[in-house]
Amino acid sequence: MAEPFKNMYNEQFFDRFTKDLKLVINDFDTCGFVSQVMDNEWENRELKQRCRHIATVLKKFLPADYKEAIAKILELLDHIEARHPEFREIDDNKFGLLLEYGSILDSYVEQYGLNDYETSVKAIEKITQFTSCEFVTHPFIIKYPDKMMKQMLVWSKHEHWGVRRLASEGCRPRLPWAMALPDLKKNPAPIIPILENLKNDPARFVRLSVANNLNDIAKDNPEIVIDLVKRWKGESKEVDWIIKHGCRTLLKQGNPEIMELFGFNAIGKNIDIENFQISESKLMLAIH
């Protein structure tokens, strides 16, 4: 049986994490931090609960002022980046390399930074280069819809592919396990310029996010996606892959316009079935 994902937060992890925290907090109390994290309820917490709990405990050990605390977090990431300069390269294989750290730090921003937009946006931009912050952007989009979507558009041209991916992934209207974005489900127009900027991105994970965003949009606004397919189709093999993957729900539904756009218009056309009968009294179901 596979090890539960939540168990990545173990004693070995906290040994690494606290050693890194000591780089930016001279008097960091390792024993006190670990004992508060791994309390009597620790084993009963699931993954997201553990991340949130660790962030809650971390707050007690960071400066009380949010701006000062974020400065320490950014300093911590600078130390890590100095050890791992490959983070600056465009390489999809590095996606999630620091997932354990990132899930804690973005939970900290989500819990304590919603009222400090500028400081939090700066933190999100940095943290997502080491992991992924799409769950954090949703509450900020809810509270600051115009400002945040303008920021996402700026991020879509960022030099780091992880930030560009966040520009798309962070505004997916139906992102699984994330806070809902009802305004973007109703009107995804602010998302389209972001996807336009990213559809030819050199990073595969960015293009995958564009496709998944299109698939989300198609569930509520199929006509918008159909229009994009008409405009994007044939631009390149990468873009053709994006639109087909982004239309997977519409294809499964047999949407006539999408079926025709992808060359499936002849299937089932001009076929009539009359006097359909089943000759066998028992049927065997074959599952492939």
Side-chain angles (χ1 to χ4, degrees), residues 9 17 20-21 24-25 28-29 33 36-37 45-80 98-158 160 162-191 194:
Y9 294 114
F17 188 51
D20 281 338
L21 286 170
V24 297
I25 304 175
F28 186 79
D29 180 6
F33 176 78
Q36 288 188 49
V37 167
R45 292 187 179 96
E46 296 305 320
L47 177 61
K48 291 200 73 172
Q49 292 174 316
R50 287 190 176 188
C51 293
R52 193 170 184 85
H53 173 61
I54 297 168
T56 300
V57 174
L58 180 61
K59 185 178 187 296
K60 302 175 185 178
F61 292 80
L62 288 170
D65 180 78
Y66 179 72
K67 284 183 171 62
E68 293 179 14
I70 289 298
K72 290 293 183 182
I73 288 174
L74 298 183
E75 187 181 348
L76 169 66
L77 294 176
D78 285 339
H79 280 288
I80 295 170
L98 214 65
L99 176 64
E100 303 101 318
Y101 283 37
S103 298
I104 296 168
L105 300 181
D106 61 21
S107 181
Y108 182 89
V109 173
E110 181 180 1
Q111 289 187 66
Y112 306 114
L114 199 56
N115 293 324
D116 189 339
Y117 175 86
E118 299 298 336
T119 303
S120 295
V121 163
K122 180 181 178 182
I124 291 169
E125 181 176 319
K126 185 70 172 182
I127 294 168
T128 202
Q129 297 178 39
F130 296 83
T131 176
S132 184
C133 287
E134 63 262 23
F135 299 117
V136 186
T137 55
H138 279 220
F140 282 86
I141 291 173
I142 293 290
K143 184 163 185 175
Y144 310 98
D146 294 335
K147 287 173 66 175
M148 198 63 190
M149 289 307 293
K150 288 177 182 176
Q151 181 62 59
M152 306 289 265
L153 185 60
V154 171
W155 279 341
S156 70
K157 295 185 177 182
H158 196 277
H160 194 284
V163 182
R164 297 197 306 275
R165 177 187 177 274
L166 180 67
S168 168
E169 197 72 9
C171 63
R172 282 181 57 185
R174 289 176 169 266
L175 181 68
W177 307 301
M179 182 182 292
L181 296 175
D183 287 348
L184 290 178
K185 285 171 68 176
K186 184 178 180 181
N187 177 23
I191 303 174
I194 295 169

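In terms of modelled atom types and a separation under 3.5 Å, the side chain of Y9 and the main chain of E100 share a donor-acceptor contact. The main-chain N or O of G102 is never found under 3.5 Å from a side-chain atom of T131 such that the two would form a donor-acceptor pair. No donor-acceptor pair closer than 3.5 Å links the side chain of H138 to the backbone N or O of A180. With T128 contributing its side chain and L166 its backbone, the two residues share no donor-acceptor pair below 3.5 Å. At least one donor-acceptor pair closer than 3.5 Å links the side chain of S156 to the backbone N or O of L153.
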Donor-acceptor contacts, no H, no angles, side chain residues 139-148, under 3.5 Å, sequence neighbours left out:
{"from": "K143", "atom 1": "NZ", "to": "N115", "atom 2": "OD1", "distance (Å)": "2.4"}
{"from": "Y144", "atom 1": "OH", "to": "L114", "atom 2": "O", "distance (Å)": "2.6"}

- Task: List the steps, then state whether side chain to side chain contact (heavy atoms under 4.5 Å, CB included) holds for D78 with V24.
- Result: CA-CA 10 Å; D78 285 339; V24 297; over 6 Å; no
- For D20 and H79, run side chain to side chain contact (heavy atoms under 4.5 Å, CB included): C-alpha distance rounded to whole Å, both residues' side-chain angles, the deciding distance at 0.1 Å, then the answer. CA-CA 8 Å; D20 281 338; H79 280 288; over 6 Å; no
- Take H53 and V57 through the side chain to side chain contact (heavy atoms under 4.5 Å, CB included) test and state the conclusion after the steps. CA-CA 6 Å; H53 173 61; V57 174; 3.8 Å; yes
- Message: For a salt bridge (charged side-chain N to carboxylate O under 4.0 Å, His left out) check, start with the C-alpha distance between E125 and K122, then their side-chain angles and the critical distance, and finish with the verdict.
- Response: CA-CA 5 Å; E125 181 176 319; K122 180 181 178 182; over 6 Å; no
- Message: Let's go through I54 and F33 carefully: what are the C-alpha distance in whole Å and the side-chain angles of both, what is the deciding distance for side chain to side chain contact (heavy atoms under 4.5 Å, CB included) to 0.1 Å, and is it a yes or a no?
- Response: CA-CA 9 Å; I54 297 168; F33 176 78; 4.1 Å; yes
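The shortest heavy-atom contact between R172 and P176 is NH2-CD, 3.6 Å. Nearest approach of H160 to H158, heavy atoms of both residues: N-ND1, 2.9 Å. Residues S103 and C51 share a closest heavy-atom pair of CB-SG, 3.6 Å. Between F61 and D29, the shortest heavy-atom contact is CE2-O, 3.6 Å.
Sorted by first and then second residue, the salt bridge (charged side-chain N to carboxylate O under 4.0 Å, His left out) pairs involving residues 67-77 (not counting sequence neighbours) are K67-D116.
For the pair L58/L105, a side-chain contact is recorded, criterion being any heavy-atom separation below 4.5 Å from C-beta on. The shortest distance between side-chain heavy atoms of Q151 and I124 does not fall below 4.5 Å. L62 has its side chain out of reach of F28: every pair of non-hydrogen atoms, C-beta onward, lies at least 4.5 Å apart. Under the 4.5 Å side-chain criterion, counting only non-hydrogen atoms from C-beta, K126 is not in contact with V163.
Between F17 and Y101, the two ring planes are perpendicular [angle over 60°; tilted spans 30° to 60°].
Residues passing the side chain to side chain contact (heavy atoms under 4.5 Å, CB included) test with K59, sequence neighbours excluded: Y108, Y112. Considering only residues two or more places apart in sequence or on other chains, K185 meets the side chain to side chain contact (heavy atoms under 4.5 Å, CB included) condition with P173, R174, D220. The ring-ring contact (aromatic ring centres under 6.0 Å, His included) test applied to F135 returns no partner, not counting sequence neighbours. With sequence neighbours left out, Q49 forms a side chain to side chain contact (heavy atoms under 4.5 Å, CB included) with R45, E46.
To the nearest 0.5 Å, atoms CD1 (I194) and SG (C171) are separated by 4.0 Å. Atom SG of C133 is separated from atom CG of D106 by 4.5 Å, given to the nearest 0.5 angstrom.
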